[in-house]
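For the numbers below, each heavy atom of this structure counts, side chains included, while hydrogens, waters and symmetry mates do not. A note on names: the letters A, B, ... follow the listed sequences, proteins ahead of strands, and every chain is numbered from 1.
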Amino acid sequence: GAVVSQHPSWVICKSGTSVKIECRSLDFQATTMFWYRQFPKQSLMLMATSNEGSKATYEQGVEKDKFLINHASLTLSTLTVTSAHPEDSSFYICSAGTSGSTDTQYFGPGTRLTVL
Amino acid sequence: GENVEQHPSTLSVQEGDSAVIKCTYSDSASNYFPWYKQELGKRPQLIIDIRSNVGEKKDQRIAVTLNKTAKHFSLHITETQPEDSAVYFCAAKGYNFNKFYFGSGTKLNVKP
């Protein structure tokens, strides 16, 4: 089946630094990927839709200058949390669908970000 | 945008009993409704889904029903087992923008 990976699986950084998270579709091409954040014991909140070769579409309330998304190829999307602060600490998950079906979403394993 | 509400937030059942989780959505244009199971610290796993042109779908112990008129859909798990314990999320996918919006989640605890 379709596999999505994320790297790193967890990261700890100092306040003010930037962190890059990679999301890869390993055995299929993904023209669209989604980025979510999940706080402990809460739901997945859609942050943005990442489109290959074009700008990401951000959900209302999500700062595009703080959460930079780049979808450079059909198998890779990156999320960069710039000037991270403790309130950015969260679980970040990406998902992707195959070109044949945008309904079925395959989730990455998630990245646990802790900002000190 | 779409708003998905999910109830209950927690559900505790005895092994062998049935569990029902309900969701409502606001956007009548939504046309795809998946259910995900998420274990602690892991990625969500699709367990069943239903499209807007279908009223009910069943897969072994799991079933989903959809009422388009009322804009609600439900997950039914029969003969629950301890390994069913997890957090379950419903979601709705918009027709126009292909985005997924998730419910708040239900923590299911199946007591042996």
*Asks:* If you compare all heavy atoms of B:Phe89 against all heavy atoms of A:Gln42, which two are closest, and at what distance to 0.1 Å?
*Replies:*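 Heavy atoms of B:Phe89 and A:Gln42 come nearest at CZ-O, 3.8 Å.
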*Asks:* What's the separation between atom CG in A:Leu44 and atom OH in B:Tyr36, rounded to the nearest 0.5 Å?
*Replies:*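 Those atoms lie 9.5 Å apart.
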*Asks:* Where does A:Gln60 contact chain B at under 4.5 Å (heavy atoms): side chain, backbone, both or neither?
*Replies:*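 Neither the backbone nor the side chain of A:Gln60 comes within 4.5 Å of chain B.
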*Asks:* Quick check: closest heavy atoms across A:Ser43 and B:Ser104, and the distance to 0.1 Å?
*Replies:*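 Shortest heavy-atom separation between A:Ser43 and B:Ser104 comes out as CB-CA, 3.6 Å.
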*Asks:* Under a 4.5 Å heavy-atom cut-off, does chain B meet the side chain of A:Gln38, its backbone, both or neither?
*Replies:*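 Only the side chain of A:Gln38 comes within 4.5 Å of chain B.
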*Asks:* Rounded at 0.5 Å granularity, tell me how far OG1 in B:Thr10 sits from NZ in A:Lys41.
*Replies:*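 Answer rounded to 0.5 Å: 11.0 Å.
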*Asks:* Taking all non-hydrogen atoms of both residues, which atom of B:Arg43 and which atom of A:Val4 are closest, and how far apart?
*Replies:*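 It is NH1-O, 3.1 Å.
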*Asks:* I'd like to know if the side chain of A:Glu59 pairs up with that of B:Tyr101 as donor and acceptor (distance under 3.5 Å, no hydrogens or angles considered).
*Replies:*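 A:Glu59 vs B:Tyr101: donor-acceptor pair found between side chains.
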*Asks:* So what's closer than 4.5 Å to chain B heavy atoms on A:Tyr106: side chain, backbone, both or neither?
*Replies:*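 Neither part.
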*Asks:* Looking at B:Gln81, I'd like to know if its CD atom is crowded, meaning that more than 12 non-hydrogen atoms belonging to other residues, nucleotides or ligands lie closer than 6.0 Å.
*Replies:*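 Yes.
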*Asks:* Using non-hydrogen atoms and a 4.5 Å limit, figure out which bit of B:Gln6 sits close to chain A: side chain, backbone, both or neither.
*Replies:*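 Contact with chain A involves no heavy atom of B:Gln6 at all.
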*Asks:* Please say whether more than 12 non-hydrogen atoms of neighbouring residues, nucleotides or ligands are located less than 6.0 Å from NZ in A:Lys66.
*Replies:*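 Count over threshold, so yes.
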*Asks:* To the nearest 0.5 Å, how far apart are OG1 in A:Thr32 and NZ in B:Lys99?
*Replies:*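 Going from OG1 on A:Thr32 over to NZ on B:Lys99, the span is 11.5 Å.
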*Asks:* Would you please go through residues 107-116 of chain A and name the residues with a non-hydrogen atom below 4.5 Å from one of chain B, in numerical order?
*Replies:*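 Checking residues 107-116 of chain A against chain B gives A:Phe107, A:Gly108, A:Pro109.
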*Asks:* Name the region of A:Leu46, side chain, backbone, both or neither, that has any atom closer than 4.5 Å to a heavy atom of chain B.
*Replies:*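 The answer is the side chain of A:Leu46.
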*Asks:* Sort B:Pro44 into side chain, backbone, both or neither according to what part of it lies under 4.5 angstrom from a heavy atom of chain A.
*Replies:*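 It is both, since atoms from each part get that close.
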